[in-house]
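Comments concern the structure below.
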Amino acid sequence: MTRTARRTRRMLPPAGVGVAALLALSACSHSDGATPAKADSSRSAAPGLSGTVTVFAAASLKESFTTLGEQFEQQHPGTKVAFNFGGSDTLAASITSGAPADVFAAASPKTMSVVTDRTDTTSAPSIFARNQLEIATLPGNPGKVSSLKDLTDPGLKVVLCDRTVPCGAAAQKVLDTGGVKVTPVSYEQDVKAALNKVELKEADASLVYRTDVKSAGGKVRGVEFPESKDAINDYPIAPLKSSKNADAAAAFIALVKSPDGQKVLSRAGFLKP
């Protein structure tokens with residue numbers, strides 16, 4: 001072998017040294033390049049929702065909101081939706097008195113205004129559904145109720161929602177529009193209580209929402225009447241200033257207004273906003 005060949009051979013680095021150099025170079029590029037940035041980006045991403053979101057909602061929303069609450073918890077593991085259902089006026093009074101809640105869903109803009117007038121919401125309410133009255137009668141409709149005027153029959157025990165709650169205000173409006181005077185055996189504090197009177201056969205008929213007739217199944221029979229179109233209630237929803245979980249509150253409201261949320265509400269009998 002010539003001297004030149006031996007010199008050239010001595011100048012070639014051993015294979016192990018070359019691999020080590022490449023690995024070292026690769027390590028340097030990883031420490032200074034895009035990989036750490038990607039990891040940092042992952043660590044700085046917004047954490048998932050957690051904790052409880054408390055929703056005050058009109059009694060007529062019980063079935064549909066319960067379903068949406070279950071969907072929300074499935075979509076956001078680690079969260080819990082706690083509901084307080086009742087008459088919208090009672091809920092509004094609780095909120096303005098300082099009751100802790102994250103979201104308020106009312107059965108009328110008038111009731112929502114009790115809260116917004118006190119600036120207890122963090123943004124303007126939005127309408128997410130509408131509802132219409134029906135006459136709920138006993139199964140089989142033994143009283144032969146077919147119109148609003150039939151409720152004046154002195155032989156019928158009729159129950160109405162109190163006028164201070166949205167279902168009562170709507171009932172009074174349709175009665176006034178139709179020129180019908182009804183003397184109820186009782187006024188109830190929310191629509192579920194009024195419906196319950198018929199379900200328990202303590203009353204022959206009541207003016208409730210179509211959604212409540214539907215949720216009762218075969219326990220009552222619903223009778224539509226044309227005057228109900230004159231008193232359709234808009235349902236507003238808003239996040240509350242007292243919220244301790246604003247992110248979850250916003251996410252729940254988003255679900256209610258989403259296509260999936262609207263499907264649940266439509267199946268329950270609500271009208272589109």
Side-chain angles (χ1 to χ4, degrees), residues 52-73 75-76 79-116 120-132 161-162 164-170 188-196 208-212 214-216 233-246 248-258 260-273:
T52 299
V53 54
T54 302
V55 179
F56 280 27
S60 51
L61 291 165
K62 184 175 182 178
E63 291 77 17
S64 54
F65 265 34
T66 298
T67 298
L68 289 175
E70 292 171 354
Q71 289 187 9
F72 186 85
E73 291 174 356
Q75 293 173 4
H76 305 285
T79 64
K80 178 177 177 58
V81 184
F83 290 105
N84 182 7
F85 295 108
S88 293
D89 64 324
T90 301
L91 297 176
S94 296
I95 292 168
T96 57
S97 296
D102 301 294
V103 175
F104 181 36
S108 74
K110 182 178 180 180
T111 312
M112 176 63 77
S113 69
V114 173
V115 176
T116 56
D120 284 334
T121 62
T122 57
S123 63
S126 54
I127 304 300
F128 66 93
R130 306 170 78 209
N131 215 346
Q132 192 169 347
C161 295
D162 192 88
T164 60
V165 298
C167 67
E188 302 300 323
Q189 290 304 307
D190 63 61
V191 70
K192 293 297 185 185
L195 181 70
N196 193 48
V208 299
Y209 294 120
R210 58 186 288 181
T211 54
D212 297 294
K214 188 168 185 176
S215 68
N233 279 11
D234 290 334
Y235 280 54
I237 191 169
L240 298 174
K241 186 179 292 185
S242 62
S243 175
K244 302 299 182 182
N245 199 346
F252 181 79
I253 292 173
L255 173 61
V256 171
K257 296 167 62 178
S258 72
D260 286 343
Q262 291 298 301
K263 286 180 182 178
V264 171
L265 291 163
S266 294
R267 285 197 298 267
F270 285 95
L271 304 172
K272 291 184 179 181

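Only a predicted model underlies this, so the values are computations on that prediction, with no experimental measurement involved. Residue numbers start at 1 and run along the sequence shown.
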(request) Report the C-alpha distance between T79 and V53 in whole Å, list the side-chain angles of each, state the deciding distance to 0.1 Å, and finish with yes or no for side chain to side chain contact (heavy atoms under 4.5 Å, CB included). (result) CA-CA 8 Å; T79 64; V53 54; 5.8 Å; no
One should read off an interatomic distance between N196 CG and E188 CD, to the nearest 0.5 angstrom, of 8.5 Å
- Task: For residues I237 and V103, determine if any side-chain heavy atom of one lies less than 4.5 Å from a side-chain heavy atom of the other.
- Result: yes
OH (Y209) and CZ (R130) are apart, to the nearest 0.5 Å, by 12.5 Å
**OP:** Taking the side chain as every heavy atom from C-beta outward, state whether L68 and V256 have any atom pair closer than 4.5 Å.
**Re:** yes
Closest heavy-atom pair, N245 versus D102, reported as atoms and distance to 0.1 Å, is N-OD1, 3.3 Å
Could you check whether any side-chain heavy atom of V165 comes within less than 4.5 Å of a side-chain heavy atom of V191, counting everything from C-beta outward? no
Closest heavy-atom pair, F104 versus S88, reported as atoms and distance to 0.1 Å, is CZ-O, 3.8 Å
### Query
After noting the C-alpha distance and the side-chain angles of E63 and K192, does the key distance pass the salt bridge (Lys or Arg N to Asp or Glu O under 4.0 Å) rule?
CA-CA 11 Å; E63 291 77 17; K192 293 297 185 185; 3.0 Å; yes
In short, A249 meets S243 closest at the heavy-atom pair CB-OG, 4.2 Å
Can you confirm whether P100 sits close enough to T54 that some side-chain heavy atom of one is under 4.5 Å from a side-chain heavy atom of the other?
no
Residues A58 and A106: closest non-hydrogen pair is CB-C, 4.2 Å
Evaluate the side-chain proximity of L240 to V115: yes if any heavy-atom separation is below 4.5 Å, no if none is. yes
For T211 and G269 the tightest heavy-atom approach is CG2-C, 3.5 Å
Is the shortest heavy-atom distance from the side chain of F128 to the side chain of I253 under 4.5 Å? no
CG of N131 to CZ of R210, rounded to nearest 0.5 Å, is 7.5 Å
Those residues at least two apart in sequence (or on a different chain) that pass side-chain hydrogen bond (donor to acceptor under 3.5 Å, both in side chains) with S126 are K257
Closest heavy-atom pair, K214 versus S266, reported as atoms and distance to 0.1 Å, is NZ-O, 4.5 Å
message = Could you check whether D260 and S258, counting side-chain N and O atoms only, form a donor-acceptor pair closer than 3.5 Å?
response = no
ring-ring contact (aromatic ring centres under 6.0 Å, His included) filter on F270, not counting sequence neighbours, yields Y235
Between F83 and F72, is the ring-ring contact (aromatic ring centres under 6.0 Å, His included) condition met? List the steps. CA-CA 13 Å; F83 290 105; F72 186 85; 9.7 Å; no
Output for pair (S108 OG, D89 CG), nearest 0.5 Å, gives 9.0 Å
Practice task
Any chance you could lay out the side chain to side chain contact (heavy atoms under 4.5 Å, CB included) test for T66 and F85, step after step, and finish with the verdict?
Solution key: CA-CA 10 Å; T66 298; F85 295 108; 4.0 Å; yes
Separation between NZ (K110) and CG (N233), nearest 0.5 Å, reads 11.0 Å
Taken to the nearest 0.5 Å, the spacing of D162 CG from C167 SG works out to 8.5 Å
Using modelled atom types only, decide if a donor and an acceptor are shared between the side chain of S64 and the backbone of L265 within a distance under 3.5 Å. no
Notebook entry, point to check: With side chains defined as the heavy atoms from C-beta onward, is the minimum distance between P125 and T116 less than 4.5 Å?
Noted result: yes
